[in-house]
Structure formats: structure tokens, C-alpha cells
Number of protein chains: 2
Amino acid sequence: MITTSEDVAKHAGVSRATVSQILNGRGQRFAEATRDRVNQAARELGYEPSSAGRTLARGSSDFVIALIPHTTFGPTLQDFFSRMTDELATHGLTLVLRLSTPSAASLGRVIASMKPAAVFSLTRFTDEERALIGSRGVLGLDPDSTGDTDYNHAIGLLQGRTLIAHGHRRLAFAHLADARQDPFGADRELGLRDACLEAGLPEPESIGLDVTPDDAARALDELSGTGIAVACYNDDVATALLSAATRRGWRVPEDLALIGMDHTTLGRLTLPPLTTLDFDLETAAEAAIERILTTTGHADATQHPQRHAALRVVPGGSI
Amino acid sequence: MITTSEDVAKHAGVSRATVSQILNGRGQRFAEATRDRVNQAARELGYEPSSAGRTLARGSSDFVIALIPHTTFGPTLQDFFSRMTDELATHGLTLVLRLSTPSAASLGRVIASMKPAAVFSLTRFTDEERALIGSRGVLGLDPDSTGDTDYNHAIGLLQGRTLIAHGHRRLAFAHLADARQDPFGADRELGLRDACLEAGLPEPESIGLDVTPDDAARALDELSGTGIAVACYNDDVATALLSAATRRGWRVPEDLALIGMDHTTLGRLTLPPLTTLDFDLETAAEAAIERILTTTGHADATQHPQRHAALRVVPGGSI
DNA sequence: CTGAAAGCGCTTACAG
DNA sequence: CTGAAAGCGCTTACAG
């Protein structure tokens, strides 16, 4: 019922060793006729190598684990990972997603049992995670280890620079109050802080809120009055603040300026529409995929030039 | 560096066979002292069995693959799968997430190589997927196969009944125009249709839209005038329609009634706030987890009574 | 250019 | 009550 390399070998009239070599791209030294027969046989029989067998023999599997942050997994991230799944698959790597849990213990178990080729994360590993990954001798890829652009810092920076370019002088960062939902908040606030620094402005204020009318109103009270420009964790946060501000008669952007992040569809529905940032996911995914392929030895480092993920300001009426 | 069952065996002064039996819960027949020594040794050495070795020996792995629909993966679904991950882990099963792709081919490859204990999906398998899963002899769990409540039908039904109970007589269903984002739409519309049927009302109208101001406005034009009550695919759709209606001076709910789904935080921010449905995820997750455990033989069928997932109407001002 | 053999880490009859 | 042995499906030196 299930086709093994043995079946393929018989069908092609060669040994399992030969089948293995050829199917894994190490078949240059074989006669072309042999290669054809083997490939042919594999195709005819619908052969799919057993991951378990291969993992046991090789010591590590073809799985790549992507840790997904406990944040809204919208179309943007979906597309990112869809793309990554497909692209890695063409190189024989299987991407599986794992929700990142507060405790790293379960990650440890998964790594030990799967022996993945790599563990990838869009966000920085926690110290615990890093230790775990290292101790198992697994390749860990996070923004730090890959030397990739730190997108989150760049996001805060761009939000800040954009606000400042529009003449704003008193800035604030608005987090999501629920820390689990705010995985990128700290880095983004640092970016905003640096924008203030380079412009000689005072440090930004910092608030946190739940995306509810009441809590957004409460958060507004935490600001030191009107005339502040707020860089928001995402468009939802910006929408909540916009709604609360409107409700109390503050004009946006005169009394409160807001810049969001994510360029969500709902952010287009507010009045005024949000000014926000758009993340060029395509480029970011490209870079991440290439990192994985080269570090796992599945592609040449020089094959594709390294590109930079582009952040773009989406004009609106809120700053 | 990596601890094997051999290491544990030596450490405990027994054979690998014994270690295997005891660590897999088939150790009743061993002397208590032996069991203790083995468990102790495993703990001391931080032993994590190799999934590959076990899979090879057993023929199937401890992985459970959850197919995640190409839809917004918000906090609701996140919590659902987090819970499932943890719960299955305590029974030795490892949940991995796969984005469901349009083509089932990649699923086929993953199944063949991982030999999962089960493939789980919140949405009905496509025929292609079902065939694939069956041909590999893998356990497939979707709403059909488990005989679980068809949540989506129930959602449309409840939306319809709620609207009708409020005196609405002309109903419509609003899909997301992008079919990939609308995986549950068809079933929900059927539920709405049945609500109309049982009340002796004409069939609901059907529209589809993107969540943008312009497209929502266009969608309103598709309705046969004012005085219609729309059951929306989700709160985002309802928000878009609400925004477009307000813009053109329609009163909600007098000229256009709207009921959403998901009870999102942003849906609380509209004026009027949306009437919507809340899904008792806890119960649903419970049921799904139990299904997986019993069908894979990891728990007794009678251990927990089967509960029903509860849908709840969240009052608002939009119907 | 190709194959026989050993081994990866586990489990499962089977024998004692 | 416990262990020796075979086998799961693959890959990798090594020999020819």
C-alpha cells in the first residue's frame, strides 16, 4: 500500500542505495539511463520518502518549525507563511507552524522529537527559547541571529519620523495592554524613541490599552493633554483611540494625531481614514526564505541578492 | 549529547525494551521498583524520545496536523489552537499547524512523510483532501466525519432566527467577496436559508463585498432597497456595511439591520454597536480535543460527556 | 558506475 | 517479571 524506496528500487532494477542517491540529487555520477529509470519509477509509484526513515538516518529532519507569535494572524501573516510553505517545499523542506507558548518547555519537547532543520521566528527568541534551541544543536533563526533588518524597530522609527515631518513635537507610543498581544511593542517603541532622539525631541510618552471604547477613553486620559501625536501598535489601537477621541469631541489630527500600522481594511473605514504603515511582505518573506535555504545548505548564498524589506507610509487623514 | 533510550536503559540497569514499555504506559507488569528506576533515569537525563524512531517502529507518528483555513486567524482561533496544542501534548500528541492551500498536493506530501496520527480541520475537507487522507490510511477529522455540530450552519441559523425574532422579514446574507476569506460562508448562508424556511419567509438575498468603503457601498446597491436585515459573514463585513450605510444616510437598524459574527473588539466601537454572535470556543475546543483523543485511542470515549458548542447572541444596537 | 552492509532510535512479538 | 532479536525506511561510507 505504501511505497518504499525498496519498491522503487525493484521497479527500476537497482539497489536502494542508488535510489536514495539519485532521488536526493547526488546522482551525477550515475548513468543517465539509470537516473531516468529511477525517477520514472518513483513517479509511477507515487513514491514519497518517509520522513521518519530519513530523519533517523540523517540525524535531522526536513522540517522547519515556524514559531508564530500570539498576535492577530491576519491576511498579512497568512500570506507570509503561505509563501514560505510553498517556497520551502520546492526545496524539500516542510514548514510547520507552532503557536509560541509562554513556556518554552513544550517547544523543547517538539524540537527534541522532531529534530527540525531549523526553527524560525519573526520575533526575537526569548532567552529560554534560545538556550533550548542551542542545547539541542538546532539552527535557530530570529531577527537577531540572521542579522536581518529589525523590522519592528524600523516601524517605530518610521512612525516617529513621519509624525515629526508633519510638524508634531510631542509624541507617544500606544501599546496593546495585553502583553501577549503586544509582542512587537517594545521594539517599536524603541524605534519611536530613536526618532525623537535624532530630532532632539523629548522622549515619547507611553500608554497601553485594550481595544474597547472605555479603555481607549481611559488611555486618552493618561496622555498629558491634547496636541500629542500617537504612534500606535496597530490600526486597531489607532481605531480605538480615534473612536474615543471623536466621542469626547477631540479633533483628529488637530487635538490628537494618530499613525497606525498594518494598513488594515478596517482602518480605511474610519473618519478620517487612518494614516498608517504598510509592510512589504513579499520582500520580507523573500529574505526570510533565502536565509533559511542558505543556512540549511539548500541554496547558494549568492543566488539571490539580499533585499531590504520595505515599509511604506500610507497617507490618510489622521496626522 | 542527545539522550537515547539506550542511555536511559543503562542508567536504570535494564534493557531498552523495558524502558520503552514503561515510558509508554505499558509498564503495569513490571516491578514497581523497576518502573521507578526507569522513570527516574528518564527524568534525570532529560530524555525525550525521538519521534523518528518511534514513527518508524510504529508506522505512524504522534503528530496531529491541524489544517488552518485561509481566514483571519484572530485571538479566537489562536486560543482554540493554543488550547488544543497544550491538551494534546499532555497525551503525547504533538499538534502542528498547516495552512490549508488551494492544492491538496502539498498536503499529500506532508501526510506521506509525517504519517500523522490524525488530520484535523475545523472546516469540511474538500473531496480532494478527503481522498488523499483516505488513501494514506490516515485518520481524518472534520465536522462531517466527527458528526460534530456543524457550527457554521448553526451560526447562519441563529443569525436568521434572531433577526426574525426582532420582526425582520426580508433577509440577506453578506459574504466576503474573496472566496479564500469566506471559507464558512456557504454553510452559514444555508443556515440562514433554513431560518427563513422555517418561518415561512422568502429565500434570503445574497451579496458579497470587500471590506472597503467603496465596495461596501456598491454591495448596498445590490440589495433590493432598504428595510432589509443582513446576516454578515463576520463583524468586519458588518462594520463595512454599517459604515457605508451611515455615509449614505441610511439609519441602522431602521433602514438596514445588521447582525455580525465573532464579537470582535472593533465591532464594539461602531455607532450603533453591532449586534453579533459569540462562539463559545472553550466548549468547541473541548469537543474537538476529545474527538481526537478518543479516535486515536488516547482516551476513553466515555471519559467526558460530549458537550455542545454554545453560540450566544451579543446584544447591540444594529438589529 | 553501482550495491552490500551497517546503523539511525525506537517498538513489538516472542522466549524464558 | 525482563531481555535478545528483528524490523520499521532510510542514508552513508565503503568496496568493488
Side-chain angles (χ1 to χ4, degrees), chain A residues 1-38 41-42 45-63 92 94 111-115 117 136-137 297, chain B residues 1-38 41-42 45-63 92 94 111-115 117 136-137 297:
Chain A
M1 169 109 207
I2 281 158
T3 313
T4 69
S5 75
E6 175 90 56
D7 300 331
V8 176
K10 270 192 194 134
H11 200 85
V14 297
S15 75
R16 283 156 69 216
T18 302
V19 168
S20 172
Q21 305 273 21
I22 290 179
L23 258 29
N24 287 307
R26 260 179 291 289
Q28 311 81 316
R29 48 192 175 123
F30 290 92
E32 175 148 4
T34 310
R35 269 182 282 167
D36 289 349
R37 275 211 317 281
V38 168
L45 299 177
Y47 172 62
E48 295 290 352
S50 149
S51 167
R54 164 176 300 183
T55 301
L56 212 47
R58 285 229 260 244
S60 89
S61 72
D62 290 330
F63 293 116
T94 301
I111 290 179
S113 87
M114 292 187 82
K115 312 216 184 308
R136 302 288 184 184
Chain B
M1 167 114 210
I2 282 158
T3 312
T4 69
S5 75
E6 174 90 56
D7 300 332
V8 177
K10 270 193 195 131
H11 201 83
V14 298
S15 74
R16 284 157 67 217
T18 302
V19 169
S20 173
Q21 305 273 21
I22 291 179
L23 259 29
N24 288 305
R26 259 181 290 290
Q28 311 83 315
R29 47 191 174 123
F30 291 91
E32 176 148 4
T34 310
R35 269 183 282 168
D36 289 349
R37 275 211 317 282
V38 168
L45 300 178
Y47 172 63
E48 294 291 350
S50 149
S51 167
R54 164 176 299 184
T55 301
L56 212 47
R58 285 229 260 244
S60 88
S61 72
D62 289 330
F63 294 117
T94 302
I111 289 179
S113 86
M114 293 188 80
K115 312 219 186 306
R136 302 288 185 186

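Each chain gets a letter, A, B and so on, in the order the sequences are listed, and its residues count up from 1. In this text the structure is predicted, and so the values were computed from the model without any measurement.
The side-chain contact (heavy atoms from CB on, under 4.5 Å) search around A/Ile22 returns A/Thr18, A/Phe30, A/Thr34, A/Arg35, A/Val38, A/Asn39, not counting sequence neighbours. In this structure B/Asp7 satisfies the side-chain contact (heavy atoms from CB on, under 4.5 Å) test together with B/Thr3, B/Thr4, B/Leu45, sequence neighbours excluded. Residues satisfying the side-chain contact (heavy atoms from CB on, under 4.5 Å) test with B/Thr55, not counting sequence neighbours, are A/Ala52, B/Ser51, B/Ser61, B/Lys115.
Summary of the strand contacts: B/Ser15 and A/Asn24 both lie near DNA chain D, and taking for each the nucleotide with the nearest heavy atom, the more 5' one is attributed to B/Ser15.
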Any chance you could encode DNA chain C as dot-bracket? Rule is Watson-Crick or G-U wobble with both distances under 3.5 Å; [ ] for pairs crossing earlier ones, | for another strand.
-> |||.||||||||.|||
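Taken residue by residue, residues 45-59 of chain A places heavy atoms nearer than 4.0 Å to DNA chain C at A/Leu56, A/Ala57.
Distance CG/A/Leu23 to CZ/A/Arg54: 8.5 Å, rounded to 0.5 Å. With rounding to the nearest 0.5 angstrom, the NZ atom of B/Lys10 is 10.5 Å from the OG atom of B/Ser5. Taking CE of A/Met114 as the start and OG of B/Ser50 as the end, the distance is 11.5 Å to the nearest 0.5 Å.
Regarding A/Lys10, its NZ atom lies at a distance of 13 Å from the C1' atom of D/dG9, rounded to whole Å. Atoms CD1 (B/Ile22) and P (D/dC1) sit 12 Å apart, rounded to a whole Å. Taking atom CG of A/Asp62 as the reference point, atom P of D/dG9 lies 18 Å away to the nearest angstrom.
When the nucleotides C/dT11, C/dC1, D/dT2 are ranked by their closest atom to the side chain of A/Ala31, C/dC1 comes out on top. Of all nucleotides listed (C/dT2, D/dC1, D/dG9), C/dT2 comes nearest to the side chain of A/Phe30.
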Produce the list of close N/O pairs, under 3.5 Å, pairing protein atoms with atoms of nucleotides 13-16 of chain D; give distances to one decimal.
none

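Although no hydrogens or angles enter the test, the distance criterion places a donor-acceptor pair under 3.5 Å between the side chain of A/Arg37 and the main chain of A/Ala12.
OP1 or OP2 of C/dT2 has at least one side-chain nitrogen or oxygen of A/Thr34 nearer than 4.0 Å. The side chain of B/Thr18 contributes an N or O atom lying less than 4.0 Å from OP1 or OP2 of D/dG3.
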